[in-house]
Amino acid sequence: MDRARIIFILLSVYIFAAFAWWTYAHYSNTQKIFTQKKDLLEMSCYKATFDLQGAVSQEMFNDSIDMQKFFAANYPELDLLFLDNFMPLDNFMVRPSIESYKKIEADLNRKLTMYITEGLVMMLLLFWGMVYIYKSFKKELFLKKLQNNFLLSVTHELKTPLTAMKLYMETLLKRTIHPEQIQTIAENSLNETKRLQEQVEKLLLSAQLDSKKYELDIQDVNVSELVTEHISHYNLPREEKDRIFTEIEEQLIVKADASAIEMILNNLLSNAEKYGGEHGKIKVVLKSNQNQIILQVIDEGSGISDTDKRMLFNKFYRVGDEQTRKTKGTGLGLFIAKHLVHLHKGKISVSDNQPKGTVFEIKLESNAN
Ligand code: ATP
Ligand code: MG
(Lines give C-alpha, C1' and ligand atoms only; values in the text may rest on other atoms or scores of the structure.)
(Ligands and ions follow the chains in the order given, each with its own letter.)
Protein backbone atom coordinates (compact mmCIF):
# COMPACT_ATOMS: atom_id res chain seq x y z
CA MET A 1 0.00 0.00 0.00
CA ASP A 2 2.89 2.31 0.75
CA ARG A 3 4.20 1.62 -2.74
CA ALA A 4 0.91 2.86 -4.20
CA ARG A 5 1.21 6.02 -2.10
CA ILE A 6 4.77 6.66 -3.31
CA ILE A 7 3.72 6.10 -6.94
CA PHE A 8 0.82 8.51 -6.48
CA ILE A 9 3.07 11.20 -4.97
CA LEU A 10 5.69 10.77 -7.72
CA LEU A 11 3.01 10.96 -10.42
CA SER A 12 1.50 14.07 -8.84
CA VAL A 13 4.88 15.78 -8.65
CA TYR A 14 5.58 14.83 -12.29
CA ILE A 15 2.19 16.14 -13.48
CA PHE A 16 2.68 19.40 -11.59
CA ALA A 17 6.22 19.87 -12.87
CA ALA A 18 5.19 19.04 -16.47
CA PHE A 19 2.28 21.43 -16.27
CA ALA A 20 4.41 24.22 -14.78
CA TRP A 21 7.00 23.63 -17.50
CA TRP A 22 4.40 23.81 -20.29
CA THR A 23 2.98 27.04 -18.87
CA TYR A 24 6.47 28.51 -18.68
CA ALA A 25 7.24 27.33 -22.25
CA HIS A 26 4.06 29.04 -23.55
CA TYR A 27 4.96 32.18 -21.63
CA SER A 28 8.48 32.43 -22.99
CA ASN A 29 7.37 31.48 -26.56
CA THR A 30 4.86 34.30 -26.55
CA GLN A 31 7.61 36.70 -25.55
CA LYS A 32 9.82 35.39 -28.36
CA ILE A 33 6.95 35.81 -30.85
CA PHE A 34 6.56 39.40 -29.63
CA THR A 35 10.24 40.17 -30.37
CA GLN A 36 9.94 38.48 -33.78
CA LYS A 37 6.82 40.48 -34.63
CA LYS A 38 8.65 43.70 -33.71
CA ASP A 39 11.62 42.67 -35.88
CA LEU A 40 9.28 41.86 -38.79
CA LEU A 41 7.60 45.24 -38.44
CA GLU A 42 10.97 46.96 -38.50
CA MET A 43 12.05 44.88 -41.51
CA SER A 44 8.87 45.78 -43.36
CA CYS A 45 10.09 49.43 -43.15
CA TYR A 46 13.06 48.52 -45.38
CA LYS A 47 10.77 46.77 -47.86
CA ALA A 48 8.36 49.74 -47.92
CA THR A 49 11.27 52.21 -48.43
CA PHE A 50 12.62 50.05 -51.24
CA ASP A 51 9.16 49.78 -52.90
CA LEU A 52 8.57 53.55 -52.61
CA GLN A 53 11.99 54.34 -54.07
CA GLY A 54 11.20 52.01 -56.99
CA ALA A 55 7.85 53.68 -57.54
CA VAL A 56 9.45 57.16 -57.39
CA SER A 57 12.07 56.17 -59.96
CA GLN A 58 9.29 54.95 -62.24
CA GLU A 59 7.60 58.35 -61.70
CA MET A 60 4.39 56.82 -60.36
CA PHE A 61 3.64 59.79 -58.08
CA ASN A 62 2.91 63.39 -59.06
CA ASP A 63 3.37 64.74 -55.55
CA SER A 64 3.71 63.72 -51.90
CA ILE A 65 -0.09 63.36 -51.51
CA ASP A 66 -0.12 60.70 -54.25
CA MET A 67 2.74 58.95 -52.51
CA GLN A 68 1.03 59.19 -49.12
CA LYS A 69 -2.18 57.63 -50.53
CA PHE A 70 -0.28 54.76 -52.12
CA PHE A 71 1.66 54.24 -48.89
CA ALA A 72 -1.43 54.26 -46.64
CA ALA A 73 -3.17 51.72 -48.90
CA ASN A 74 -0.24 49.31 -48.95
CA TYR A 75 1.42 49.74 -45.55
CA PRO A 76 -1.29 50.51 -42.98
CA GLU A 77 0.97 49.45 -40.08
CA LEU A 78 3.78 51.94 -41.02
CA ASP A 79 4.22 55.73 -40.89
CA LEU A 80 5.66 57.77 -43.77
CA LEU A 81 7.56 60.96 -42.89
CA PHE A 82 8.69 63.54 -45.47
CA LEU A 83 12.04 65.04 -44.48
CA ASP A 84 12.30 67.78 -47.08
CA ASN A 85 9.43 70.05 -48.11
CA PHE A 86 11.03 70.89 -51.46
CA MET A 87 11.90 67.43 -52.60
CA PRO A 88 9.64 65.18 -50.49
CA LEU A 89 9.68 62.28 -52.96
CA ASP A 90 13.44 61.90 -52.61
CA ASN A 91 13.71 62.58 -48.90
CA PHE A 92 11.37 60.46 -46.88
CA MET A 93 11.54 58.01 -44.00
CA VAL A 94 9.44 54.96 -43.16
CA ARG A 95 8.97 53.77 -39.57
CA PRO A 96 6.52 51.52 -37.70
CA SER A 97 3.46 53.40 -36.49
CA ILE A 98 2.96 53.80 -32.74
CA GLU A 99 -0.44 52.03 -33.07
CA SER A 100 1.14 48.92 -34.58
CA TYR A 101 3.64 48.77 -31.71
CA LYS A 102 0.80 49.19 -29.23
CA LYS A 103 -1.23 46.50 -31.01
CA ILE A 104 1.61 43.97 -30.79
CA GLU A 105 2.20 44.88 -27.15
CA ALA A 106 -1.51 44.60 -26.30
CA ASP A 107 -1.57 41.23 -28.04
CA LEU A 108 1.43 40.11 -25.99
CA ASN A 109 -0.11 41.29 -22.70
CA ARG A 110 -3.45 39.63 -23.50
CA LYS A 111 -1.75 36.31 -24.24
CA LEU A 112 0.49 36.49 -21.17
CA THR A 113 -2.49 37.27 -18.91
CA MET A 114 -4.39 34.41 -20.51
CA TYR A 115 -1.57 31.92 -19.91
CA ILE A 116 -1.03 33.08 -16.33
CA THR A 117 -4.72 32.95 -15.34
CA GLU A 118 -5.35 29.71 -17.23
CA GLY A 119 -2.21 28.26 -15.68
CA LEU A 120 -3.22 29.29 -12.18
CA VAL A 121 -6.78 28.02 -12.57
CA MET A 122 -5.55 24.74 -13.99
CA MET A 123 -2.95 24.41 -11.21
CA LEU A 124 -5.61 25.01 -8.58
CA LEU A 125 -7.97 22.50 -10.23
CA LEU A 126 -5.17 20.00 -10.53
CA PHE A 127 -4.20 20.53 -6.90
CA TRP A 128 -7.79 20.19 -5.76
CA GLY A 129 -8.17 17.01 -7.86
CA MET A 130 -4.98 15.53 -6.44
CA VAL A 131 -6.00 16.29 -2.85
CA TYR A 132 -9.45 14.81 -3.55
CA ILE A 133 -7.98 11.65 -5.07
CA TYR A 134 -5.47 11.36 -2.23
CA LYS A 135 -8.21 11.71 0.38
CA SER A 136 -10.41 9.12 -1.35
CA PHE A 137 -7.39 6.87 -1.61
CA LYS A 138 -6.64 7.24 2.11
CA LYS A 139 -10.29 6.62 2.93
CA GLU A 140 -10.23 3.50 0.77
CA LEU A 141 -7.16 2.20 2.64
CA PHE A 142 -8.78 3.02 5.96
CA LEU A 143 -11.99 1.21 5.00
CA LYS A 144 -9.97 -1.78 3.82
CA LYS A 145 -8.23 -1.86 7.20
CA LEU A 146 -11.57 -1.67 9.02
CA GLN A 147 -13.01 -4.40 6.83
CA ASN A 148 -10.01 -6.56 7.58
CA ASN A 149 -10.33 -5.80 11.31
CA PHE A 150 -13.98 -6.67 11.12
CA LEU A 151 -13.41 -10.04 9.51
CA LEU A 152 -10.56 -11.00 11.81
CA SER A 153 -11.95 -9.76 15.11
CA VAL A 154 -15.64 -10.55 14.65
CA THR A 155 -15.07 -14.03 13.33
CA HIS A 156 -12.65 -14.63 16.18
CA GLU A 157 -15.08 -13.28 18.79
CA LEU A 158 -17.90 -15.44 17.41
CA LYS A 159 -15.82 -18.52 16.87
CA THR A 160 -14.27 -18.70 20.35
CA PRO A 161 -17.52 -19.25 22.34
CA LEU A 162 -18.81 -21.62 19.65
CA THR A 163 -15.66 -23.74 19.85
CA ALA A 164 -15.87 -23.79 23.66
CA MET A 165 -19.52 -24.83 23.59
CA LYS A 166 -18.80 -27.58 21.07
CA LEU A 167 -16.08 -28.89 23.36
CA TYR A 168 -18.42 -28.87 26.39
CA MET A 169 -21.11 -30.74 24.45
CA GLU A 170 -18.60 -33.30 23.18
CA THR A 171 -17.36 -33.84 26.75
CA LEU A 172 -20.92 -34.38 27.91
CA LEU A 173 -21.58 -36.91 25.17
CA LYS A 174 -18.33 -38.85 25.31
CA ARG A 175 -17.65 -39.29 29.01
CA THR A 176 -19.52 -40.39 32.07
CA ILE A 177 -19.47 -37.35 34.25
CA HIS A 178 -20.35 -36.61 37.86
CA PRO A 179 -23.51 -34.60 38.37
CA GLU A 180 -21.54 -31.69 39.91
CA GLN A 181 -19.24 -31.61 36.87
CA ILE A 182 -22.30 -31.54 34.63
CA GLN A 183 -23.37 -28.46 36.60
CA THR A 184 -20.03 -26.72 35.94
CA ILE A 185 -20.08 -27.65 32.25
CA ALA A 186 -23.65 -26.35 31.92
CA GLU A 187 -22.71 -23.09 33.66
CA ASN A 188 -19.66 -22.62 31.43
CA SER A 189 -21.74 -23.38 28.34
CA LEU A 190 -24.30 -20.85 29.46
CA ASN A 191 -21.58 -18.24 29.97
CA GLU A 192 -20.26 -18.89 26.46
CA THR A 193 -23.79 -18.64 25.07
CA LYS A 194 -24.20 -15.31 26.86
CA ARG A 195 -20.90 -14.10 25.41
CA LEU A 196 -22.04 -15.12 21.94
CA GLN A 197 -25.37 -13.41 22.48
CA GLU A 198 -23.64 -10.20 23.67
CA GLN A 199 -21.47 -10.13 20.57
CA VAL A 200 -24.41 -10.66 18.23
CA GLU A 201 -26.44 -8.00 20.08
CA LYS A 202 -23.52 -5.61 19.84
CA LEU A 203 -23.39 -6.17 16.08
CA LEU A 204 -27.14 -5.68 15.77
CA LEU A 205 -27.05 -2.54 17.93
CA SER A 206 -24.25 -1.04 15.86
CA ALA A 207 -26.21 -1.75 12.67
CA GLN A 208 -29.31 -0.09 14.18
CA LEU A 209 -27.28 2.94 15.27
CA ASP A 210 -25.70 3.14 11.83
CA SER A 211 -29.06 3.15 10.08
CA LYS A 212 -30.49 5.57 12.71
CA LYS A 213 -33.13 3.05 13.72
CA TYR A 214 -32.32 3.02 17.41
CA GLU A 215 -34.70 4.93 19.64
CA LEU A 216 -34.03 6.09 23.18
CA ASP A 217 -36.42 5.61 26.05
CA ILE A 218 -35.93 8.96 27.79
CA GLN A 219 -36.81 9.28 31.49
CA ASP A 220 -35.49 11.08 34.56
CA VAL A 221 -32.46 9.03 35.55
CA ASN A 222 -30.51 9.33 38.77
CA VAL A 223 -27.07 8.90 37.18
CA SER A 224 -25.30 8.92 40.54
CA GLU A 225 -27.24 5.82 41.63
CA LEU A 226 -26.97 4.21 38.21
CA VAL A 227 -23.18 4.59 38.06
CA THR A 228 -22.64 3.43 41.67
CA GLU A 229 -24.91 0.43 41.11
CA HIS A 230 -23.29 -0.50 37.80
CA ILE A 231 -19.77 -0.35 39.23
CA SER A 232 -20.72 -2.47 42.23
CA HIS A 233 -22.00 -5.15 39.85
CA TYR A 234 -19.24 -4.73 37.30
CA ASN A 235 -17.79 -8.12 36.59
CA LEU A 236 -14.13 -7.99 37.65
CA PRO A 237 -12.12 -11.03 38.80
CA ARG A 238 -12.24 -11.24 42.61
CA GLU A 239 -8.56 -10.30 43.06
CA GLU A 240 -9.07 -7.18 40.94
CA LYS A 241 -12.10 -5.82 42.75
CA ASP A 242 -10.10 -2.93 44.25
CA ARG A 243 -8.98 -1.64 40.84
CA ILE A 244 -11.92 0.73 40.51
CA PHE A 245 -12.02 4.01 42.48
CA THR A 246 -14.95 6.35 42.39
CA GLU A 247 -15.61 10.03 42.96
CA ILE A 248 -19.34 10.35 42.54
CA GLU A 249 -21.43 13.44 43.25
CA GLU A 250 -24.76 12.53 44.84
CA GLN A 251 -28.20 12.96 43.34
CA LEU A 252 -27.34 13.96 39.80
CA ILE A 253 -30.44 13.63 37.66
CA VAL A 254 -30.52 13.72 33.89
CA LYS A 255 -33.13 13.08 31.23
CA ALA A 256 -31.71 9.99 29.55
CA ASP A 257 -32.13 6.38 28.54
CA ALA A 258 -30.86 4.41 31.55
CA SER A 259 -29.90 1.28 29.59
CA ALA A 260 -28.01 3.39 27.05
CA ILE A 261 -26.06 5.16 29.81
CA GLU A 262 -25.23 1.76 31.29
CA MET A 263 -24.01 0.50 27.94
CA ILE A 264 -21.77 3.56 27.53
CA LEU A 265 -20.33 3.16 31.03
CA ASN A 266 -19.87 -0.56 30.52
CA ASN A 267 -17.94 -0.03 27.27
CA LEU A 268 -15.67 2.57 28.88
CA LEU A 269 -15.09 0.41 31.94
CA SER A 270 -14.32 -2.68 29.88
CA ASN A 271 -11.83 -0.65 27.83
CA ALA A 272 -10.16 0.72 30.97
CA GLU A 273 -9.98 -2.83 32.28
CA LYS A 274 -8.56 -4.23 29.02
CA TYR A 275 -6.20 -1.45 28.04
CA GLY A 276 -5.45 0.13 31.44
CA GLY A 277 -2.41 -2.05 32.09
CA GLU A 278 -2.19 -5.06 34.36
CA HIS A 279 -3.81 -4.22 37.72
CA GLY A 280 -3.77 -0.54 36.72
CA LYS A 281 -6.11 1.68 38.71
CA ILE A 282 -9.37 2.79 37.14
CA LYS A 283 -11.07 5.94 38.35
CA VAL A 284 -14.67 6.85 37.64
CA VAL A 285 -15.65 10.47 38.26
CA LEU A 286 -19.20 11.80 38.12
CA LYS A 287 -19.72 15.51 38.71
CA SER A 288 -21.83 18.42 37.61
CA ASN A 289 -20.62 21.65 36.07
CA GLN A 290 -23.16 24.44 35.46
CA ASN A 291 -25.90 22.68 33.51
CA GLN A 292 -23.82 19.69 32.50
CA ILE A 293 -23.15 16.30 33.97
CA ILE A 294 -19.64 15.02 33.43
CA LEU A 295 -18.72 11.36 33.56
CA GLN A 296 -15.04 10.42 33.33
CA VAL A 297 -13.43 7.00 33.14
CA ILE A 298 -9.71 7.33 33.77
CA ASP A 299 -7.08 4.63 33.44
CA GLU A 300 -3.33 4.32 33.84
CA GLY A 301 -2.64 2.31 30.68
CA SER A 302 -0.17 3.08 27.94
CA GLY A 303 -2.40 5.80 26.49
CA ILE A 304 -3.52 6.46 22.93
CA SER A 305 -1.62 8.33 20.19
CA ASP A 306 -3.17 11.49 18.75
CA THR A 307 -3.73 9.81 15.36
CA ASP A 308 -5.55 6.90 16.99
CA LYS A 309 -7.58 9.29 19.15
CA ARG A 310 -9.12 10.70 15.98
CA MET A 311 -9.99 7.23 14.65
CA LEU A 312 -11.10 5.40 17.79
CA PHE A 313 -14.78 6.10 17.46
CA ASN A 314 -14.98 4.54 13.99
CA LYS A 315 -16.73 1.24 13.63
CA PHE A 316 -14.34 -1.75 13.93
CA TYR A 317 -11.32 0.48 14.56
CA ARG A 318 -8.76 -1.10 16.86
CA VAL A 319 -5.31 0.27 17.61
CA GLY A 320 -2.40 -1.63 16.06
CA ASP A 321 -2.45 -4.65 13.85
CA GLU A 322 -5.32 -7.11 14.31
CA GLN A 323 -3.01 -10.09 13.88
CA THR A 324 -0.66 -9.02 16.66
CA ARG A 325 -3.26 -7.70 19.12
CA LYS A 326 -3.72 -9.82 22.20
CA THR A 327 -6.84 -8.27 23.76
CA LYS A 328 -10.33 -9.45 22.90
CA GLY A 329 -12.69 -7.09 21.14
CA THR A 330 -14.42 -6.14 17.94
CA GLY A 331 -13.82 -2.38 17.85
CA LEU A 332 -17.51 -1.64 18.34
CA GLY A 333 -17.60 -0.43 21.97
CA LEU A 334 -16.57 3.18 21.35
CA PHE A 335 -18.57 3.40 18.13
CA ILE A 336 -21.70 2.40 20.07
CA ALA A 337 -20.80 4.73 22.98
CA LYS A 338 -20.29 7.69 20.62
CA HIS A 339 -23.64 7.15 18.88
CA LEU A 340 -25.52 6.71 22.15
CA VAL A 341 -23.94 9.90 23.58
CA HIS A 342 -24.83 11.81 20.40
CA LEU A 343 -28.43 10.54 20.56
CA HIS A 344 -28.53 12.22 24.00
CA LYS A 345 -27.14 15.38 22.35
CA GLY A 346 -24.09 14.98 24.53
CA LYS A 347 -20.37 14.97 23.81
CA ILE A 348 -17.74 12.27 24.16
CA SER A 349 -14.03 12.99 24.11
CA VAL A 350 -10.71 11.34 24.80
CA SER A 351 -7.57 12.89 26.27
CA ASP A 352 -4.33 11.91 27.98
CA ASN A 353 -4.24 11.16 31.68
CA GLN A 354 -1.28 12.45 33.72
CA PRO A 355 1.30 10.97 34.19
CA LYS A 356 0.02 8.16 31.95
CA GLY A 357 -3.13 6.57 30.64
CA THR A 358 -6.33 7.83 29.11
CA VAL A 359 -9.37 9.86 30.12
CA PHE A 360 -12.70 9.25 28.41
CA GLU A 361 -15.18 12.00 29.17
CA ILE A 362 -18.89 12.29 28.53
CA LYS A 363 -20.85 15.51 28.91
CA LEU A 364 -24.64 15.40 29.08
CA GLU A 365 -27.01 18.32 29.53
CA SER A 366 -28.51 17.99 33.00
CA ASN A 367 -31.97 19.03 34.06
CA ALA A 368 -31.10 19.04 37.76
CA ASN A 369 -30.95 22.82 38.19
P1 ATP B 1 -15.23 -4.08 21.92
O2 ATP B 1 -15.41 -2.87 22.77
O3 ATP B 1 -16.15 -4.11 20.76
O4 ATP B 1 -15.18 -5.34 22.67
P5 ATP B 1 -12.66 -2.89 21.49
O6 ATP B 1 -12.50 -2.64 22.95
O7 ATP B 1 -11.47 -3.28 20.72
O8 ATP B 1 -13.79 -3.97 21.23
P9 ATP B 1 -13.52 -0.14 21.30
O10 ATP B 1 -14.03 -0.15 22.68
O11 ATP B 1 -14.31 0.56 20.26
O12 ATP B 1 -13.27 -1.60 20.76
O13 ATP B 1 -12.07 0.49 21.31
C14 ATP B 1 -11.38 0.67 20.09
C15 ATP B 1 -9.89 0.61 20.30
O16 ATP B 1 -9.48 1.76 21.03
C17 ATP B 1 -9.43 -0.56 21.15
O18 ATP B 1 -9.23 -1.69 20.33
C19 ATP B 1 -8.15 -0.05 21.76
O20 ATP B 1 -7.09 -0.28 20.86
C21 ATP B 1 -8.39 1.45 21.87
N22 ATP B 1 -8.78 1.84 23.24
C23 ATP B 1 -10.03 2.00 23.70
N24 ATP B 1 -10.02 2.41 24.98
C25 ATP B 1 -8.72 2.50 25.35
C26 ATP B 1 -8.03 2.87 26.56
N27 ATP B 1 -8.70 3.18 27.64
N28 ATP B 1 -6.67 2.86 26.54
C29 ATP B 1 -5.98 2.54 25.43
N30 ATP B 1 -6.57 2.18 24.25
C31 ATP B 1 -7.91 2.16 24.21
MG1 MG C 1 -14.22 -1.81 24.03
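When a ligand or atom number is given, it counts from 1 through the structure's own listing order.
- Between the side chain of Asn353 and the backbone N or O of Asp299, at least one donor-acceptor pair lies under 3.5 Å.
- For Ile98, the CD1 atom is loosely surrounded, since the number of other residues' heavy atoms within 6.0 Å does not exceed 12.
- At the top of the distance list for atom 5 (P) of ligand 1, counting protein heavy atoms only, stands Tyr275 OH, 3.3 Å.
- The environment of Phe16 atom CZ is dense: over 12 non-hydrogen atoms of other residues, nucleotides or ligands sit within 6.0 angstrom.
- The N/O atoms of Lys274, backbone and side chain alike, include one that comes under 3.5 Å of an N/O atom in ligand 1.
- With a 4.0 Å cut-off on non-hydrogen atoms, Ile304 touches ligand 1 through its side chain and not its backbone.
- In this pair, Phe92 and Phe82 present their aromatic rings perpendicular. The plane angle is above 60°, beyond the 30 to 60° band.
- Taking distance alone, with nitrogen or oxygen atoms compared against 3.5 Å, Lys328 stays at or beyond that limit from ligand 1.
- In terms of protein heavy-atom proximity, atom 7 (O) of ligand 1 is closest to Arg318 NE, 2.5 Å.
- When only interatomic distances are considered, the shortest N/O to N/O separation between Gly333 and ligand 1 falls below 3.5 Å.
- Crowding of Glu59 atom CD: a count of heavy atoms from other residues, nucleotides or ligands under 6.0 Å not exceeding 12.
- Using a 4.0 Å cut-off to heavy atoms of Leu334, the atoms of ligand 1 that qualify are 9 (P), 10 (O), 11 (O), 13 (O), 23 (C).
- Asn271 lies close to the Mg ion (ligand 2), since one of its N, O or S atoms is found at a distance under 2.8 Å.
- Checked against a 3.5 angstrom limit, the closest N/O atoms of Gly303 and ligand 1 fall outside it.
- For ligand 1, the atoms lying closer than 4.0 Å to a non-hydrogen atom of Leu332 are 3 (O), 11 (O), 12 (O).
- Atom CD of Glu140 is surrounded by 12 or fewer heavy atoms from other residues, nucleotides or ligands within 6.0 Å.
- For Lys347, the NZ atom counts as loosely surrounded, since its 6.0 Å shell holds 12 or fewer non-hydrogen atoms of other residues, nucleotides or ligands.
- Taking the six-membered ring where the residue is Trp, Phe360 and Phe313 present perpendicular rings, their angle passing 60° and hence far from 30°.
- Under 4.0 Å from ligand 1, not a single heavy atom of Phe313 appears.
- The nearest heavy-atom contact from the protein to atom 1 (P) of ligand 1 is Lys202 NZ, 3.2 Å.
- Nearest-heavy-atom check against atom 12 (O) of ligand 1 across Ser305, Gly280, Gly331, Gly320 picks out Gly331.
- Of all protein heavy atoms, the one closest to atom 16 (O) of ligand 1 is Leu312 CD2, 2.9 Å.
- Close contacts of ligand 1 with Val319, meaning ligand atoms under 4.0 Å from a residue heavy atom, involve 18 (O), 20 (O), 21 (C).
- Atoms of ligand 1 found under 4.0 Å from any heavy atom of Thr358, numbered from 1 in the order shown, are 28 (N).
- Here's the thing with Asn271: one of its N/O atoms is less than 3.5 angstrom from an N/O atom of ligand 1.
- Only the side chain of Asp299 comes within contact range of ligand 1, with a heavy atom under 4.0 Å; no backbone atom does.
- Leu120 has its side chain within reach of Ile116: a pair of non-hydrogen atoms, C-beta onward, lies under 4.5 Å apart.
- For the 3.5 Å distance criterion, the side chains of Glu273 and Tyr234 qualify, holding a donor opposite an acceptor.
- Of the protein's non-hydrogen atoms, the one nearest atom 3 (O) of ligand 1 is Thr330 OG1, 2.7 Å.
- If you check which protein heavy atom lies closest to atom 14 (C) of ligand 1, you get Tyr317 O, 3.2 Å.
- Taking the six-membered ring where tryptophan is involved, the planes of Phe70 and Phe61 are tilted, since the angle between them lies from 30° to 60°.
- Using the six-membered ring where Trp is involved, Phe71 and Tyr75 have ring planes that are tilted, between 30° and 60° apart.
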